2 protein chains.
Amino acid sequence: MREFKRKSRVLLVDDNTDHLRGIKELVSLEGCYDVVGATTSANVAINLIKKYRPDIVLMDINMPEKDGLQAIQEIEKLGLDTRVIALSGYDDADLIFRAMKIGAKGYVLKTMASAQLIYAIDEVAAGKVYLPSALSSRFFEYFQRSFKGEAVVSDEENLLTYLTSREEEVLELLTQGNNYKGIAGKLFISETTVKTHVNNIFQKLQVNDRTQAVLYALNNGFGNRKRTKIAV
Amino acid sequence: MREFKRKSRVLLVDDNTDHLRGIKELVSLEGCYDVVGATTSANVAINLIKKYRPDIVLMDINMPEKDGLQAIQEIEKLGLDTRVIALSGYDDADLIFRAMKIGAKGYVLKTMASAQLIYAIDEVAAGKVYLPSALSSRFFEYFQRSFKGEAVVSDEENLLTYLTSREEEVLELLTQGNNYKGIAGKLFISETTVKTHVNNIFQKLQVNDRTQAVLYALNNGFGNRKRTKIAV
DNA sequence: TTCGTTCTAAATCATTAGATTGATAAAATA
DNA sequence: TATTTTATCAATCTAATGATTTAGAACGAA
């Protein structure tokens, strides 16, 4: 597989010079990688990334100067094809979770065997997201803990299903902070009509005012492209 | 490792009788598992779990009668030590995500090699959460997509930081759908005082009404113990 | 002490929100 | 065809909300 692809371009970031050199040697030894840069500064790294557009960035996230996680975020914001693998000294579940959340495509411990690092690079270079199984186990524990006790949206009890499509439109605008006038203007209907719809929404959702309606909507999977609460 | 432990007690649930028999044989062949039950009904399964308290449940989640995911949820709600592995015919990212979210300790495809299933059981029985790497890759893609584009709470622009602690209390109650009277009652202050606080909140958050204030709060990491938006 | 901040509170006023009732017309459905 | 649902709008009325101003008490910092 790897033989058929062009060489992946890799950038290394680690504030520890010795470690940086070590990784560089390690990665360089692999025939299929070009190390296009190696720096001890996250800020420099971001500039190098803009310039050289590497395929893979190995980013130490335990750096004093600039937080590696923050650096990853900034890289992700660039919207490039660059895929970042977090390098860390700690297998802390929270760290792993945060790294993956902000878009790291992998997370490898510095203490892991070098073969493990190379494997991770291979996987990420191949377009996958890769966590060594020991770490993914930790991740999932954290993930499940963070969801535990959260109200589960069961379809049968979801009052949102009773809304007509027009009412959904109105509710959508309510969840954007519009008042009657704003909604009326946007839907090209009269304010009184909006009031009627809103009142019907209140009845169906069994709430007393718009704030409660909005909260119900957000907590029960309404237009939750942005929210993580997902109907099961 | 496995030799030192007591036998893990396993319950099998699959609406397909043939498949159920197949899994049963497969698992039984492993020396270290006791199959304490095998049923085609999720409802029966739940009763069996209450009765026999198995260590592991292999749950088919593609059943017509009762949704397997729902069954997993109910099992999790029991609060036992029973760990559930989802068995599915589909490697759909959304399905995987939902299963892991509600507490499945593993997810294995029916098409996977039987060794893979046994390995998963081993890992889960050992207390880990296990996803085959092909599926965990899918999971992570979905996971990262679901977080992508989400406003990152950057402290420097977050107007919430300007609120006093009292104002935060008031806002907290606003985000719970309380009106003036409700807030006044809960904080043991007069309604007019609440109005003052609320007005100050509006000024600081640069919004016009409570709904917008609540929306701003929710979208900017306010009191997100329940939300998944996590400051990085 | 003086100053600034915060929390408290009241009074007043304008605006908005929400409840209620009633009505029309189109569209879907039985 | 008869009935129900949905969407539209009006009028009226009460309650709730929000803006503004003013002000006392407590506290800590300069």
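Hydrogens, waters and symmetry mates are skipped; everything else that's a heavy atom, side chains included, is used. Quick caveat, the model's predicted, so the values are computed rather than measured. Numbers restart at 1 for each chain; the letters A, B, ... are given by sequence-line order, proteins then strands.
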If you compare every side-chain N and O of A/N199 against the phosphate oxygens of C/dG18 (OP1, OP2), does one of them come in below 4.0 Å?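 Answer no for this pair, as no side-chain N or O of A/N199 is under 4.0 Å from OP1 or OP2.
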
Can you find a side-chain donor-acceptor pair between [X] and [Y] that sits under 3.5 Å?
| X | Y | result |
| --- | --- | --- |
| B/D94 | B/Y142 | yes |
| B/S133 | A/Y130 | no |
| B/S41 | B/T39 | no |
| B/D15 | B/T40 | no |
| B/T196 | B/T193 | no |

Measure the distance from CG on B/L163 to C1' on C/dT5 and round it to the nearest whole Å.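 For the pair B/L163 CG and C/dT5 C1', the rounded distance is 15 Å.
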
How many Å lie between CG on A/L174 and P on C/dT16, as a whole number?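 Rounding to the nearest Å, CG of A/L174 and P of C/dT16 are 16 Å apart.
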
Using a strict heavy-atom distance below 4.0 Å, which residues from residues 200-214 of chain B are in contact with DNA chain C?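 Residues of residues 200-214 of chain B that come under 4.0 Å of DNA chain C do not exist, since none gets that close.
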
Mind running a 4.0 Å heavy-atom check of residues 179-194 of chain A against DNA chain D and sending the residues that fall below it, in number order?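 Going residue by residue through residues 179-194 of chain A, the ones with a heavy atom under 4.0 Å of DNA chain D turn out to be A/I189, A/S190, A/T192, A/T193.
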
Stepwise, does the ring-ring contact (aromatic ring centres under 6.0 Å, His included) test hold for B/F139 with A/F143? CA-CA 12 Å; B/F139 171 93; A/F143 172 78; 5.2 Å; yes

Do B/D14 and B/K110 meet the salt-bridge criterion of a basic N to acidic O distance under 4.0 Å?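 So B/K110 pairs with B/D14 through a salt bridge.
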
By nearest atom, which of the nucleotides D/dG18, C/dC7, D/dT8 is closest to the B/K195 side chain?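 Of D/dG18, C/dC7, D/dT8, D/dG18 is nearest to the side chain of B/K195.
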
Under 4.0 Å between any heavy atoms, over every strand shown, what does B/S165 touch: base, sugar-phosphate, or nothing? Just pick one.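 Counting heavy atoms under 4.0 Å across all strands, the contact made by B/S165 is with sugar-phosphate only.
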
Tell me which of A/T196 and B/H197 sits closer to the 5' end of DNA chain C, going by the nucleotide each one is nearest to.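 Residue closer to the 5' terminus by nearest nucleotide: B/H197.
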
Are B/R210 and B/F202 in a cation-pi contact, defined as NZ or CZ under 6.0 Å from the six-membered ring centre and within 45° of the axis?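 Ring-cation test returns no.
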
Quick one: does B/T164 reach the base of C/dC7 with a side-chain donor-acceptor pair under 3.5 Å?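 Check fails, no donor-acceptor contact within cut-off.
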
